[in-house]
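Below you'll find the structure, written out as structure tokens, and then a few comments.
In what follows, chains carry the letters A, B, and so on, assigned in the order in which the sequence lines appear, proteins first and then strands, with residues in each chain numbered from 1. For the numbers below, each heavy atom of this structure counts, side chains included, while hydrogens, waters and symmetry mates do not.
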There are 2 protein chains.
Amino acid sequence: MFDGLSAFPLTPMDGESVDLKSLGKLVSRAAEAGADSLGVLGSTGNYAYLSREERRTVLETAVGAANGVPVLAGVGAVRTRDVLAHAGDAHSAGASALLLAPVSYQKLSDAEVFGLFETVASESDLPVVVYDNPGTTGFSFSDDLLARIARIPGVASIKIPPPPSGEVAARISKLKPGLPEQVSLGISGDWVAAEALLAGCNVWYSVIAGVLPRHARTLVDHAIAGRRDLALADSEALEPLWSLFRTYGSLRVTAALAEDLGVVPSSALPLPLRGLDSRGREKVAEAIGQCNLEA
Amino acid sequence: MFDGLSAFPLTPMDGESVDLKSLGKLVSRAAEAGADSLGVLGSTGNYAYLSREERRTVLETAVGAANGVPVLAGVGAVRTRDVLAHAGDAHSAGASALLLAPVSYQKLSDAEVFGLFETVASESDLPVVVYDNPGTTGFSFSDDLLARIARIPGVASIKIPPPPSGEVAARISKLKPGLPEQVSLGISGDWVAAEALLAGCNVWYSVIAGVLPRHARTLVDHAIAGRRDLALADSEALEPLWSLFRTYGSLRVTAALAEDLGVVPSSALPLPLRGLDSRGREKVAEAIGQCNLEA
């Protein structure tokens, strides 16, 4: 479950409500295209903006549409009490694992973050994916803390943010030996995914696979089979998109992309978030042309 | 309402529940000591960790205990929909103003933050205090954005974070001329409060005034009357505390201080937050001695 391709679909919005029908379609498309797992309610899935009830409904819809492909459920919240409530809901909804980021308001200490993972891993029967995303959570893991958390029973995978270009292989060779063998290492930041998989990452926690699952599947298959040049070429072919991800953030670009390709009816985000401005939308349309993309 | 001393009480916890009785006592102590307003559910009041229901109960309790002193209600949340719900609850509970920070998960753009303040100011009848706290929200206001938001009808005050030591007066002379005259400028970061009030800030949004309201009132009275040396001496007398604020953060230090002085029965914070470790607690006890503090 923590290897290969994990597709992170958007949670499409219809105004201020979740568009469950479009969500179900995104999930079944990714499952049919061969995703090994589905990361529902990740950052791309807007988990931080949704109520408990909305999050529960999203998970139920996703599990129903996933056709047996395991669903990893984002359960992050600033308060441990709420994380545990989300974890219970994820279990009831039929999710297969928890994805947990140390979302913060007050700056968290290492001891506080360790305690959070220890509590959640011991109170839930589901395996836990550690979600390291300093840009959204405000918390930066040290390698030592990641290694200590990876040893907590129940922790199954670590999802890391993209290292700077040119430092991907070095980052992974530094981090991986410190992790227990049974804990998988996963990469976020789609533009470095091919490089990271070739350098020993076990799984790509992929934003683009929520919209273009077949493209992502092909890239992963090449990387797993050691077809280095083909994997890198697949990634290079999407560079116009990656460039927009780095400039505008993957959420806003992916939302616009999904709408332009007709995969979702609306690319609205929950306010105060707004989609790309008109210049950004033009660039997405250009990238679609440059990459010859179809849904 | 947006001048003088605004006291920001803790929201004391009893395990994972809000200790409403202790909250009421903190509020009435500050009101009796002459606070001009009460900032309830600020960062010190743990607003970001509480449910809507908890926040509503806290506000009702605070307004009941404030004996007519205006209550500013923290209404921040990552989603505009939730901010508006909190604003409605604040109005119903009898709060006099809203305190709004652009709490974020995805990084917010200037346009998104402007839009948030525009929406809240136009949909609520209560005046709005702009709460600039990049350390907790992850969003940094430019001076230009603050000036533009200050011109939105309904915006009444700006609460700024502490400038670096030695730059307080310069910061305030730079910012203030860009603000409309009717918009007050308030300082956070208790260790620079005296300097900031002397340099032209209208109000001290004060953490320590939640626990030591008489100390804070005296300092403000000296500053307002232009008794520069006395105001600075009052601040200097609390330097052992300020030093701990800068090292450990004001929330954790104030919680420990309130417990040590017997003002609250417990200094517990909502998990995953933990209080000071034993070394930090020792330092708070030392500071209480050095400053000759009594409740």
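Considering only heavy-atom pairs separated by less than 4.5 Å from chain A, the leading option among Val83(B), Leu269(B), Leu273(B), Thr136(B) is Thr136(B). Top candidate by heavy-atom pairs under 4.5 Å with chain B, chosen from Val78(A), Thr137(A), Asn46(A), is Val78(A).
Proximity to chain A is limited to the side chain of Val103(B), based on heavy atoms less than 4.5 angstrom apart. For Leu50(B), the parts sitting under 4.5 Å from any heavy atom of chain A are the backbone and the side chain alike.
Proximity to chain A at a heavy-atom threshold of 4.5 Å picks out Lys107(B), Leu108(B), Ala111(B), Glu112(B), Gly115(B), Leu116(B) from residues 107-121 of chain B, in numerical order. Residues of residues 11-19 of chain A lying under 4.5 angstrom from chain B, judged on non-hydrogen atoms, are Met13(A), Glu16(A) by number. Interface with chain A: from residues 242-260 of chain B, residues Leu251(B), Arg252(B) qualify, criterion being any non-hydrogen pair under 4.5 Å.
Note on residues 48-59 of chain B: pairs passing side chain to side chain donor-acceptor pair (under 3.5 Å), not counting sequence neighbours, are Arg79(A)-Glu54(B), Arg81(A)-Glu54(B), Ser51(B)-Glu54(B), Arg52(B)-Asp89(B), Glu53(B)-Arg56(B), Arg55(B)-His86(B).
Taking CG of Asp143(A) as the start and CD1 of Ile160(A) as the end, the distance is 9.0 Å to the nearest 0.5 Å. Here CZ of Arg274(A) is found 13.0 Å from CG of Leu276(A). Values are rounded to the nearest 0.5 Å. With rounding to the nearest 0.5 angstrom, the CG atom of Leu271(A) is 11.5 Å from the CG atom of Asp82(B). Atom CG of residue Leu99(B) and atom OG of residue Ser157(B) lie 9.0 Å apart, to the nearest 0.5 angstrom. Here the OG-CG distance, from Ser140(B) to Asn133(B), works out to 10.0 Å after rounding to the nearest 0.5 Å. Distance check, rounded to the nearest 0.5 Å: CG of Leu126(B) to CG of Leu98(B) gives 4.5 Å.
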Could you give me the CA-CA distance, side-chain angles and deciding distance for Ser188(A) and Tyr131(A), then say whether side chain to side chain donor-acceptor pair (under 3.5 Å) is met?
CA-CA 10 Å; Ser188(A) 303; Tyr131(A) 185 8; 5.8 Å; no

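The pair Arg279(B)-Glu282(B) meets the salt-bridge criterion, with a side-chain N (NZ, NE, NH1 or NH2) lying under 4.0 Å from an Asp/Glu carboxylate O. Between Asp277(A) and Arg281(A), none of the side-chain N atoms (NZ, or NE/NH1/NH2) sits under 4.0 Å from a carboxylate O, so this pair counts as no salt bridge.
Of the N and O atoms on the side chains of Tyr47(B) and Tyr105(A), at least one donor lies less than 3.5 Å from an acceptor on the other residue.
Within the 4.5 Å cutoff, the side chain of Trp204(B) has no heavy atoms near those of the Lys159(B) side chain. Looking only at side-chain heavy atoms (C-beta outward), Trp191(B) and Pro162(B) come within less than 4.5 Å of each other.
Contact detail for Leu26(B) and Pro9(B): the closest heavy-atom pair is CB-CB, 4.1 Å. Nearest heavy atom pair, residue Ala62(B) against residue Val40(B), reads CB-CG2, 3.7 Å.
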